[in-house]
Undergrad: 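The following block contains the structure, expressed as structure tokens.
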Amino acid sequence: QVELVESGGGLVQPGGSLRLSCKASGGSFRRQIMRWYRQPPGGRRDLVAAITTAGEPVYTDPVKGRFTISRNDATNMVYLQMNSLKPEDTAVYYCQTRFELVTFWGQGTQVTVSS
């Protein structure tokens, strides 16, 4: 069974950094695009970043220049390095992929940016 598990969230002050991790299990994800989404309080779940099978990243405008997505296919891990965090980055962050025509989500990890 495919499972995605996020970790690394927590409370951080504005301007600080966090590194999120996503562990994928249940198959090989070498041929899958991996994505990070986030859902702020009372808001919608929106794409943050994606990384191709070749390791090429794509970012949405709010996080460009601050976040970095990466992957390690040998360990089935995906990462999101978040720098210069802002209060508006506060959200539950989700790892996502599509595998054999089915979309899978992790349970999410809470990121709170506050003084």
Side-chain angles (χ1 to χ4, degrees):
Q1 183 177 354
V2 171
E3 186 176 26
L4 306 176
V5 179
E6 303 95 336
S7 62
L11 175 64
V12 64
Q13 294 185 355
S17 298
L18 284 174
R19 191 190 194 198
L20 306 183
S21 299
C22 172
K23 175 68 175 180
S25 61
S28 174
F29 296 84
R30 294 179 182 270
R31 300 185 181 187
Q32 314 304 314
I33 297 173
M34 306 300 295
R35 304 174 182 89
W36 284 99
Y37 285 75
R38 68 184 182 185
Q39 185 168 18
R44 305 174 73 90
R45 189 176 299 186
D46 294 324
L47 179 69
V48 174
I51 186 165
T52 71
T53 57
E56 295 296 323
V58 178
Y59 304 99
T60 53
D61 188 68
V63 308
K64 287 180 180 177
R66 300 188 297 122
F67 290 11
T68 302
I69 188 172
S70 60
R71 66 191 296 161
N72 186 334
D73 290 330
T75 56
N76 275 359
M77 296 290 293
V78 185
Y79 305 98
L80 186 68
Q81 177 67 46
M82 306 185 296
N83 299 327
S84 301
L85 284 162
K86 305 174 181 179
E88 50 263 46
D89 295 319
T90 295
V92 178
Y93 284 71
Y94 298 90
C95 182
Q96 184 255 35
T97 192
R98 189 167 179 84
F99 188 82
E100 296 185 350
L101 306 181
V102 179
T103 300
F104 294 91
W105 298 89
Q107 84 290 344
T109 186
Q110 176 71 50
V111 172
T112 302
V113 185
S114 176
S115 298

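Reckoned from all heavy atoms, side chains included, excluding hydrogens, waters and symmetry mates.
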Undergrad: Between R35 and W105, is NZ or CZ placed under 6.0 angstrom from the six-membered ring centre and within 45° of the ring axis?
TA: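 Because its charged atom misses either the 6.0 Å distance or the 45° angle limit, R35 does not stack over W105.
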Undergrad: Do side-chain atoms of Q13 reach the backbone of S114 as a donor and acceptor pair under 3.5 angstrom?
TA: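 No.
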Undergrad: Stepwise, does the side chain to side chain contact (heavy atoms under 4.5 Å, CB included) test hold for I51 with E56?
TA: CA-CA 5 Å; I51 186 165; E56 295 296 323; 6.0 Å; no
Undergrad: Report the C-alpha separation of F99 and F29 in whole Å, then their side-chain angles, then the decisive distance to 0.1 Å, and conclude whether the ring-ring contact (aromatic ring centres under 6.0 Å, His included) test is met.
TA: CA-CA 8 Å; F99 188 82; F29 296 84; 5.2 Å; yes
Undergrad: State, to 0.1 Å, how close M34 and I69 come at their nearest heavy-atom pair, and which atoms those are.
TA: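 Nearest heavy atoms, M34 then I69: O-CD1, 4.0 Å.
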Undergrad: Quiz question: by atom type and distance under 3.5 Å, do the side chains of Y93 and R38 form a donor-acceptor pair?
TA: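 Looking only at side-chain atoms, R38 and Y93 do form a donor-acceptor pair, the distance falling under 3.5 Å.
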Undergrad: Are L85 and L18 close enough that some pair of their side-chain heavy atoms sits under 4.5 Å apart?
TA: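 SC-SC contact between L85 and L18 confirmed.
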Undergrad: With a 4.5 Å limit on heavy-atom distance, are the side chains of E3 and F104 in contact?
TA: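 Side-chain contact under 4.5 Å: no.
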Undergrad: Do the side chains of V63 and W36 join up, straight or via other hydrophobic residues, at under 4.5 Å, putting them in one cluster?
TA: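 Linked within one cluster.
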Undergrad: Quick check: does any side chain N or O of T60 sit under 3.5 Å from a backbone N or O of L47, one acting as donor and the other as acceptor?
TA: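 Yes.
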Undergrad: Measuring from T112:OG1 to D89:CG, what's the distance to the nearest 0.5 Å?
TA: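 Output value for this atom pair is 11.0 Å.
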Undergrad: Indicate the atoms forming the closest heavy-atom contact of K64 with Y59, along with that distance.
TA: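 Smallest heavy-atom distance, with atoms named: CE-O, 3.1 Å.
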Undergrad: Please check if the side chain of E6 supplies one atom and the backbone of G108 the other of a donor-acceptor pair under 3.5 Å.
TA: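 Yes: the side chain of E6 pairs with the backbone of G108.
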Undergrad: Pick from T97, V78, N76: which one makes a side-chain contact (heavy atoms from CB on, under 4.5 Å) with C22?
TA: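 Of T97, V78, N76, side-chain contact (heavy atoms from CB on, under 4.5 Å) with C22 is met by V78 alone.
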Undergrad: Please test S21 against M77 for side chain to side chain contact (heavy atoms under 4.5 Å, CB included), starting from the C-alpha separation and ending with a verdict.
TA: CA-CA 7 Å; S21 299; M77 296 290 293; 3.8 Å; yes
Undergrad: Would you say the side chains of T53 and R31 form a donor-acceptor pair under 3.5 Å?
TA: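 Looking only at side-chain atoms, R31 and T53 do not form any donor-acceptor pair under 3.5 Å.
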Undergrad: So which atom in T103 and which in R98 form the shortest heavy-atom distance, rounded to 0.1 Å?
TA: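 Taking every non-hydrogen atom into account, OG1-NH1, 3.0 Å.
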Undergrad: In this structure, would L80 and V111 fall into the same cluster of hydrophobic residues linked by side-chain contacts under 4.5 Å?
TA: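 Yes, because L80 and V111 connect within a single hydrophobic cluster, where side-chain heavy atoms sit under 4.5 Å apart.
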Undergrad: Can you check whether K86 reaches R66 side chain to side chain, under 4.5 Å on heavy atoms?
TA: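 Side-chain contact under 4.5 Å: yes.
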Undergrad: How far does CD of Q39 sit from CD of Q110, to the nearest 0.5 angstrom?
TA: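 Between Q39 CD and Q110 CD, I get 10.5 Å after rounding to 0.5 Å.
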Undergrad: In sequence, state the C-alpha distance, the side-chain angles, and the governing distance for M82 and S17, and then conclude on side chain to side chain contact (heavy atoms under 4.5 Å, CB included).
TA: CA-CA 5 Å; M82 306 185 296; S17 298; over 6 Å; no
Undergrad: Within 45 degrees of the ring normal and closer than 6.0 Å to the centroid, is that where the cationic atom of R45 sits relative to Y94?
TA: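 The answer is yes, since R45 meets both limits relative to Y94.
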Undergrad: If I compare all heavy atoms of R30 with all of A74, which pair ends up nearest, and what's the gap?
TA: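 Looking at all heavy atoms of both residues, the shortest contact is NH2-CA, 4.0 Å.
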Undergrad: At what distance, to the nearest 0.5 angstrom, does SG of C95 lie from NZ of K23?
TA: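 With rounding to 0.5 Å, SG (C95) is 11.5 Å from NZ (K23).
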Undergrad: Report yes if some heavy atom in the side chain of T109 is under 4.5 Å from a heavy atom in the side chain of L20; otherwise report no.
TA: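 When only atoms from C-beta onward are counted, L20 and T109 do touch, with a gap below 4.5 Å.
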Undergrad: For a quick test of reading the model, state the closest non-hydrogen atom pair linking A50 to I33 and the distance between them.
TA: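 Answer, listing the atom of A50 first, then I33: CB-CG2, 4.3 Å.
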Undergrad: Is there a side-chain contact between P62 and F67 in this structure, where contact means two heavy atoms from C-beta onward sitting under 4.5 Å apart?
TA: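 When only atoms from C-beta onward are counted, F67 and P62 do not touch, as no gap falls below 4.5 Å.
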Undergrad: Between Y79 and R71, is there a cation-pi geometry (under 6.0 Å to ring centre, at most 45° from the normal)?
TA: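 Relative to the ring axis of Y79, which defines the angle, R71 lies outside at least one limit.
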